[in-house]
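Because the structure is predicted, anything quoted here is derived from the model rather than measured. Values below: all heavy atoms of this structure, side chains included; hydrogens, waters and symmetry mates excluded.
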Amino acid sequence: MRSPLFTKLSILFRRRPSVSWLVLCLVSVFGLIALLESSYSSTFDSVASSTNPDVYTSYRKLKKLVRNDYLDLNSLSVGANWIKDIGFCGKERENYVPCYNVSANTLTGLKDGEEFDRHCELSRGQPHCLVRPPKDYKIPLTWPAGRDIIWSGNVRLTKDQFLSSGSMTKRLMLLEENQIAFHSDDGMMVDSVKDHSHLIAEMIGLGSDAEFLQAGVRTVLDIGCGFGSFGGHLLSLKLMALCVAEYESSGSQVQFALERGLPAVIGNFISKQLPFPSLSYDMVHCAQCGIIWDSKDGLFLIEIDRVLKPGGYFILTSPTTRQQQDSSTSAKKGSMSIPLEEFTKKLCWSLLGQQEETFIWQKTVNSQCYSSQLSIPICKGEDMQLYYQPLAHCISGTSSNRWVPIHDRSGPLNSTDIEIHGVDPDDFFEDSGFWKSALRNYWSLLSPLIFSDHPKRPGEEDPLPPYNMVRNVMDMNAHYGGLNAAMLEASKSVWVMNVVPLGARNTLPLILDRGLAGILHNWCEPFPTYPRTYDMLHANGLLSHISSQDCSMLELLLEMDRILRPEGWIILSDTLGPIEKARMLATQIRWEARVIDLQNGSDQRLLVCQKPFTRK
C-alpha cells in the first residue's frame, strides 16, 4: 500500500517527476529524519533484554511514515524498474489446497486410495497468484462467540449440500441465514460432547473429565474430528486436542474446525505415516471417523501405537465395532475373536472397557512386551524425522529414552526431562526467558496497530476495539516452543501451531512433551491446511533457513498469504539481508509492511506485515 505522501506526489506530477524535484524532496526527507531523530530516539528495546517495552507514539509513527515515503521516492525514481504486483487467482482457487489434487493424482495412475493422499510433486509449477476470499467472506467472530458461530460464506458448504447431508450433520449444526451455529455442547443433543467426554473419563477410572490432566492426559489426537466440538471441549479443560482429518473438497472437517478457531490439520490414514515422531500423544480419539482399523494387516493400528505414549489411550466409538462384537460374543461367548481385538493383543494393548459403541484400549508401559510378540517385528533405528514415510509394519519407540509412561509425568518439564531430549537445560530456560520478553515487546508493538489503527473495512463503520482478534498463531520455526509457552504463561487466549522445519534441529518431541501442538513440515512445500485459517504467522530465522535449503522465498510468502486470513498479521525476525528481500516481496503481495530495527547493535530486524482485506 502506497503512503499518503507518495500518492500526493503521484497526483501532483501525473508523470515521472524531474530530477531536480526528486533531489529537493530527498533533501527535505533527510532533514526531517534528522530533526526527528534529534528530538525523539527510537527506543524499541532489544527483544532479548527489554522488560518494559515501548509502544508506538505519534512521533514514531510519523518517523516511520517519513522513512517509507523516502523509500517510495526511491522506487519512483527507478521508473521502469518498479516491481509489478502479483495478480489474483481465479474463483476456482478460493479454497485451494496444494498437494491434494485428486484429479491430477488419478491421471498419474495413483489408486487404492493413494489418489487422496498428499502428493506435492504434482502441484509444482503452478503460476504465482494470490488466493482471494469468497465473495461473502467476513472476518471471523472473536472468541468465545466465534467458537460456536461462524459465517457460512467463509467455508465451502452450500445450503443445498447441507440439506442433502446426513442427519448427524443436521444434529450438530444449524444453518441460518448467513451463519452456522454449533449446538453440540449446549445440552440440545441426547449424546452431547460433555457426556461423551465424561463417559471416557469414567471408563479409564476417573471421577470426571476434569481429572484428565491429573491422569497424565495433556495432548489428544482427534482423528476425523467432525466439526471440532470434542476438541473444543477439551481445550476448555486446558488439554491440547489436535484434529487430523482427510482433505475434502467441500464441507471439510479441518476447514470447519479451524474456522471455529480450533486446532486442526489435514492428514490421512491411507499409505503414509503422520508427520509426528513416535511417542507423541497421550490419547488418540476416533468417534465414527470412518477408518477400517483392522484393514491392511493392521497398519493403521500400528501407526496409532507408534504415536501413542506408553500408558496412552485409544478411544474408538463405532457402530460397526459394536455389531462385530455382538456377533462375535454370540458365536463364542467370552472370546475376543474379531480381527480388531485380536490385533490389539499383538500390540500389547489392554481393553479397559466397553460401553455401548465406545471401546477404550490402553497401550502397555512395558517396552519388553513387544519382544514376546513375534508376529510384529521391532523397527530398526529411531524415527525422529519421519516426514510422510510409508506406513511401516513394525513397532517403534521401544528403545527410545522418551519411553516414559504418561502417569509418571506431572507439571512442566524439569532438567531431567529436558536432558532426555539431548537439550542443555540452561539453553532451554534461557530460551524461555527470551520469549517471555519478546512476547511483551510483540504485544506492545501490535496492540496500538490492532486496536488503534485497525483499517476500516469497505462499506462498514469503524470497528470497535475487539477484545481478542488473534485466536490462533502459527510459529513457523518454533525451536523449543518458547513463544507458545510464553503466551500460556501470560494467559493469552490463543493457541499456537508449533512447526519444526524439516532440516532444522528436530525439537518436535520436546514441544509435544511440553503439552503443545506441533508438526514437522518442509517449508519448500505447502502446509496441509485450507486458505485463511490462521490469524497470525510468526517466524524467527525461517528466511535464513529456507535460503540454506535452496527454497524460494517468494513461494514461501505466497503460501503464508494463502493460509493467513484477511487482516491477519505476520511477524518475521531475521538478519538484515533476508528481511530486506522479504520486504520487497511483501510489496508485490500487497502486504502493508514495516521494518523495525531492534537497536541492539546487531543486524537483527523485525518485519511486521498485515494482509489487506481485498474484496472482489
Side-chain angles (χ1 to χ4, degrees), residues 83-111 114-135 137 154-156 246-250 252 254-255 258 265-268 270-272 275 387-388 474 476 499 501-503 519-534 537 539 542-543 545-547 549-566 568 570 572 581-582 584-591 609 611-612 614-616:
I83 300 173
K84 185 178 179 181
D85 289 345
I86 293 176
F88 291 100
C89 307
K91 179 179 174 61
E92 71 280 358
R93 296 183 74 173
E94 287 177 352
N95 294 280
Y96 176 59
V97 180
C99 304
Y100 291 93
N101 190 328
V102 178
S103 300
N105 294 345
T106 303
L107 290 175
T108 62
L110 292 170
K111 57 183 180 179
E114 290 192 35
E115 66 272 22
F116 298 99
D117 225 330
R118 178 181 172 90
H119 298 281
C120 293
E121 64 278 4
L122 301 177
S123 298
R124 295 185 180 124
Q126 295 284 345
H128 293 157
C129 60
L130 302 176
V131 176
R132 280 191 294 192
K135 178 181 178 181
Y137 181 86
N154 291 10
V155 294
R156 195 169 184 176
E246 63 182 359
Y247 167 75
E248 299 166 279
S249 59
S250 63
S252 165
V254 171
Q255 188 182 37
L258 284 165
V265 68
I266 298 173
N268 291 341
I270 299 176
S271 63
K272 298 178 181 180
Y387 187 68
Y388 297 109
M474 179 185 287
M476 302 172 68
V499 182
L502 197 67
I519 191 172
L520 189 67
H521 182 67
N522 179 5
W523 281 117
C524 299
E525 299 176 353
F527 191 80
T529 191
Y530 290 82
R532 304 171 298 278
T533 47
Y534 284 87
L537 305 178
L542 181 64
L543 301 179
H545 173 75
I546 65 163
S547 177
Q549 301 290 306
D550 295 326
C551 302
S552 167
M553 185 182 295
L554 174 59
E555 291 185 357
L556 173 68
L557 298 187
L558 286 172
E559 175 63 3
M560 293 168 67
D561 186 85
R562 183 185 73 88
I563 65 181
L564 187 68
R565 70 160 173 80
I570 306 104
L572 300 175
K581 181 179 179 181
M584 179 184 69
L585 295 174
T587 62
Q588 289 185 267
I589 303 176
R590 307 163 194 257
W591 291 350
C609 309
K611 176 180 175 178
T614 305
R615 292 182 182 271
K616 293 186 177 182

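- Note that the NE2 atom of His128 and the CG atom of Leu554 stand 5.0 Å from one another [nearest 0.5 Å].
- Nearest heavy atoms, Cys129 versus Ile86: CA-CG2, 3.8 Å.
- At least one donor-acceptor pair under 3.5 Å links the side chain of Thr106 to the backbone N or O of Val102.
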Starting from the C-alpha separation in whole Å, work towards a yes-or-no answer on side-chain contact (heavy atoms from CB on, under 4.5 Å) for Ile563 and Leu537. CA-CA 9 Å; Ile563 65 181; Leu537 305 178; 4.2 Å; yes
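- Exactly one of Tyr530, Phe527, Tyr247 qualifies for a ring pair (Phe, Tyr, Trp, His ring centres under 6.0 Å) with Tyr100. That residue is Tyr247.
- Although no hydrogens or angles enter the test, the distance criterion places a donor-acceptor pair under 3.5 Å between the side chain of His119 and the main chain of Glu114.
- Partners of Asn101 by side chain to side chain donor-acceptor pair (under 3.5 Å), not counting sequence neighbours: none found.
- Nearest approach of Pro531 to Tyr96, heavy atoms of both residues: CG-O, 3.3 Å.
- Lys91 NZ to Arg93 CZ: the interatomic distance, rounded to the nearest 0.5 Å, is 15.0 Å.
- Across all non-hydrogen atoms, the minimal contact from Met476 to Ala539 is CB-CB, 4.0 Å.
- Without hydrogens or angle criteria, Lys272 side chain to Arg118 main chain gives a donor-acceptor distance under 3.5 Å.
- With rounding to the nearest 0.5 Å, the separation of CH2 in Trp523 from NE2 in His545 is 10.5 Å.
- At least one side-chain heavy atom of Leu543 sits less than 4.5 Å from a side-chain heavy atom of Leu556.
- With sequence neighbours excluded, the residues that form a salt bridge (charged side-chain N to carboxylate O under 4.0 Å, His left out) with Glu559 are Arg562.
- Remark: Tyr534 pairs with no residue by the side chain to side chain donor-acceptor pair (under 3.5 Å) rule, at least two apart or across chains.
- The two residues Val265 and Pro528 make their nearest non-hydrogen contact at CG2-O, 3.4 Å.
- Scanning all heavy atoms of the two residues, the minimum distance from Met474 to Val499 falls at CG-CG2, 3.8 Å.
- Interatomic distance, OG1 of Thr533 versus CZ of Arg565, reported as 11.5 Å (0.5 Å rounding).
- Rounding to the nearest 0.5 angstrom, the gap separating the CG atom in Leu557 from the CG atom in Leu585 is 5.5 Å.
- Within the structure, the salt bridge (Lys or Arg N to Asp or Glu O under 4.0 Å) test picks out no pair touching residues 97-111 (sequence neighbours left out).
- Shortest non-hydrogen contact noted between Ser552 and Ile546 is O-CD1, 4.2 Å.
- Take Glu246 and apply the side chain to side chain contact (heavy atoms under 4.5 Å, CB included) test, not counting sequence neighbours, and it matches Glu248, Asn268.
- Remark: Arg532 engages no residue in a salt bridge (charged side-chain N to carboxylate O under 4.0 Å, His left out) (not counting sequence neighbours).
- For the residue pair Glu525/Tyr388, the side-chain donor-acceptor check at 3.5 Å is not satisfied.
- The shortest distance between side-chain heavy atoms of Pro526 and Cys120 falls below 4.5 Å.
- Atom CZ of Arg124 is separated from atom SG of Cys524 by 8.5 Å, given to the nearest 0.5 angstrom.
- Contact of the Leu572 side chain with the Leu542 side chain is not registered, since no non-hydrogen atoms from C-beta on lie closer than 4.5 Å.
- Side-chain contact between Asp561 and Val131 is absent, with no heavy atoms from C-beta onward closer than 4.5 Å.
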